[in-house]
Amino acid sequence: MMPTLAENVSLRPYNTFGLDVQARYFARFASADELRQLLKLPAVQSADKLILGGGSNLLFTQDFPGVVLKNEIRGLEIMSEDGDTGTALVRAGAGESWHGLVEYTLDQNLSGIENLSLIPGTVGAAPLQNIGAYGAELRDTFDHLEAIEISTGAGRVFTAGECGFGYRESVFKNALKNQFVVTAVVLRLHRQARPNVRYGAIAETLAELGIEGEPTPHDVSRAVVHIRRSKLPDPAEIGNAGSFFKNPEISQARFDHLHSQYPDLPGYPVPGGVKVPAGWLIERAGWKGLRRGPGAGTHGVHARQALVLVNHGGATGSEVRQLAEEIISSVRQQFGIELHPEVNIL
């Protein structure tokens, strides 16, 4: 059946900031064939296109004048197992929720993405920015993805090397931006692996939860979920897109200079320098908990996590963007560090 192309559709239910903007055209697709059918429509071919997953990494500052195509391709399966390496290939449709995939792999006694528990959004969005949290990134377990080229409708497989993964980066945000639609992602996960508990507060949280000895992947997932829920607001209650800014990476010399001024500045070694928490910089610059707008405030910075910008209700995307720009300027002036949004601003 041919998918339906609707006109002038509100995107408020489809973005976690809860911003009431409209799409000139809107359609859903649940398979690669349905996507190909939509791409052949004259109204779609001539318009700007936005592929929408969970809408958890977007800030709309205006109506979208083109066509929004919502990816609803489902499916979770173990494709194959390798007894020699103790690994399995797991394939997930791009429209599946990311956390749903994490839960599925844990139910299958597979490990590798438990540190990425409760990250919002869909599977298809994960490789676009190489999602990561608590010492793990998608590229650690990524095998390949399946995609459709927008201009031709042809299918293509991308290996990890072809994806050009970096820190919250991939080729799909740069050289191949807006050229492909991810339809499925395949991960290589482990049957027997020691979970990574070295990053952040995972070990401390495991102790708080009464988990002793060698933790299981389920235990680590439970700890990560606990941490995220304690720090990050639920988009169903307060509009937000999670971490708004990337954690900046600076040179060792720059870090040493700043650390002499701010001895409590955290830093994590990375190739070529040190990664510092954007949330710490924003909080130290005085932005944490700020509210703006009439009454009690329509938007601001979350009271428990300075990395999160929020829509308390009634804010516009332009107002949130203006706040982000002021935060960037403030951090630059105080620390000499340039923050970059992790959220896509449209």
Side-chain angles (χ1 to χ4, degrees), residues 57 111-119 126-142 160-161 163-171 173-174 187-190 193-208 214-215 217 219-221 223-224 226-228 230-232 242-285 287-288 305-308 327-328 330-343:
N57 198 45
S111 65
I113 56 175
E114 56 274 2
N115 291 54
L116 307 181
S117 295
L118 212 63
I119 291 180
L128 270 60
Q129 63 167 12
N130 182 31
I131 61 171
Y134 299 103
E137 291 183 323
L138 176 74
R139 62 177 164 186
D140 299 336
T141 56
F142 181 89
C163 288
F165 291 131
Y167 174 55
R168 303 300 176 267
E169 289 290 345
S170 76
V171 69
K173 291 181 70 174
N174 298 291
L187 305 179
R188 183 173 294 279
L189 303 177
H190 299 272
R194 179 171 294 179
N196 176 7
V197 298
R198 299 184 302 275
Y199 194 92
I202 294 179
E204 178 183 332
T205 303
L206 287 168
E208 290 176 2
E214 189 68 37
D219 293 333
V220 173
S221 176
V224 169
H226 181 84
I227 295 168
R228 293 184 70 90
S230 70
K231 290 184 176 181
L232 303 175
S243 300
F244 196 92
F245 300 99
K246 301 177 185 179
N247 290 321
E249 297 179 1
I250 60 177
S251 69
Q252 183 67 54
R254 181 65 185 157
F255 176 79
D256 291 341
H257 175 72
L258 285 171
H259 198 259
S260 67
Q261 297 177 280
Y262 305 95
D264 58 335
L265 172 65
Y268 305 95
V270 294
V274 180
K275 182 187 296 184
V276 296
W280 187 95
L281 299 170
I282 296 166
E283 181 174 350
R284 181 54 69 94
W287 293 93
K288 187 177 182 180
Q305 174 52 268
L307 198 54
V308 178
I327 290 171
I328 291 171
S330 172
V331 168
R332 181 195 305 123
Q333 182 175 5
Q334 183 166 344
F335 301 103
I337 294 177
E338 191 74 17
L339 293 182
H340 298 280
E342 185 173 322
V343 171

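Just so you know, these numbers come straight off a predicted model, no measurement behind them.
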Which value, rounded to the nearest 0.5 Å, describes the distance between [X] atom [atom1] and [Y] atom [atom2]?
X    : Y    : atom1 : atom2 : result
S330 : W287 : OG    : CH2   : 5.5 Å
S251 : H257 : OG    : NE2   : 10.5 Å
L116 : T141 : CG    : OG1   : 7.0 Å
E204 : L206 : CD    : CG    : 10.0 Å
Q129 : E342 : CD    : CD    : 5.0 Å
I282 : F335 : CD1   : CZ    : 10.0 Å

Going through the checks in order, is the side chain to side chain contact (heavy atoms under 4.5 Å, CB included) test met by Q334 and R284?
CA-CA 9 Å; Q334 183 166 344; R284 181 54 69 94; 4.0 Å; yes
P127 side chain reached by S170 side chain, heavy atoms, under 4.5 Å:
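No. Closest side-chain heavy atoms not under 4.5 Å.
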Do the side chains of V308 and L232 get nearer than 4.5 Å, heavy atoms only?
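Yes, side chains in contact.
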Under 3.5 Å, which donor-acceptor pairs do the side chains of residues 242-249 form with other protein atoms, sequence neighbours left out?
| unit_1 | atom_1 | unit_2 | atom_2 | d |
| --- | --- | --- | --- | --- |
| K246 | NZ | E169 | OE2 | 2.8 |
| N247 | OD1 | A278 | N | 2.9 |

Kindly give the heavy-atom pair with the smallest separation between [X] and [Y], and that separation in Å.
X    : Y    : answer
L307 : G279 : CD1-N, 3.7 Å
L138 : N130 : N-OD1, 3.4 Å
L189 : S111 : CB-O, 3.4 Å
A160 : F165 : O-CD1, 4.1 Å
E283 : A306 : N-CB, 3.8 Å
F255 : V274 : CD1-CG1, 3.8 Å

According to side chain to side chain contact (heavy atoms under 4.5 Å, CB included), who are the partners of D140, at least two apart in sequence or on a separate chain?
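Scan of D140 (side chain to side chain contact (heavy atoms under 4.5 Å, CB included), adjacent residues dropped) gives A136, E137.
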Parallel, tilted or perpendicular: ring planes of Y262 versus W280, cut at 30 and 60 degrees
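Judged by the thresholds at 30° and 60°, the geometry between Y262 and W280 is perpendicular.
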Using atom types as modelled and distance alone, determine if a side-chain donor or acceptor of E114 lies under 3.5 Å from a backbone N or O of G112.
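Looks like yes, one N/O pair under 3.5 Å.
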Treating N115 as the side-chain partner and Y134 as the backbone partner, does any N or O pair qualify as donor plus acceptor under 3.5 Å?
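Yes; at least one donor-acceptor contact below 3.5 Å.
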Would you say CD of Q333 has more than 12 non-hydrogen atoms from neighbouring residues, nucleotides or ligands within 6.0 angstrom?
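Open: at most 12 neighbouring heavy atoms sit under 6.0 Å from CD of Q333.
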In sequence, state the C-alpha distance, the side-chain angles, and the governing distance for I250 and L258, and then conclude on side chain to side chain contact (heavy atoms under 4.5 Å, CB included).
CA-CA 10 Å; I250 60 177; L258 285 171; 4.1 Å; yes
Applying side chain to side chain contact (heavy atoms under 4.5 Å, CB included), run through L265 and L281 and close with a yes or a no.
CA-CA 8 Å; L265 172 65; L281 299 170; 4.3 Å; yes
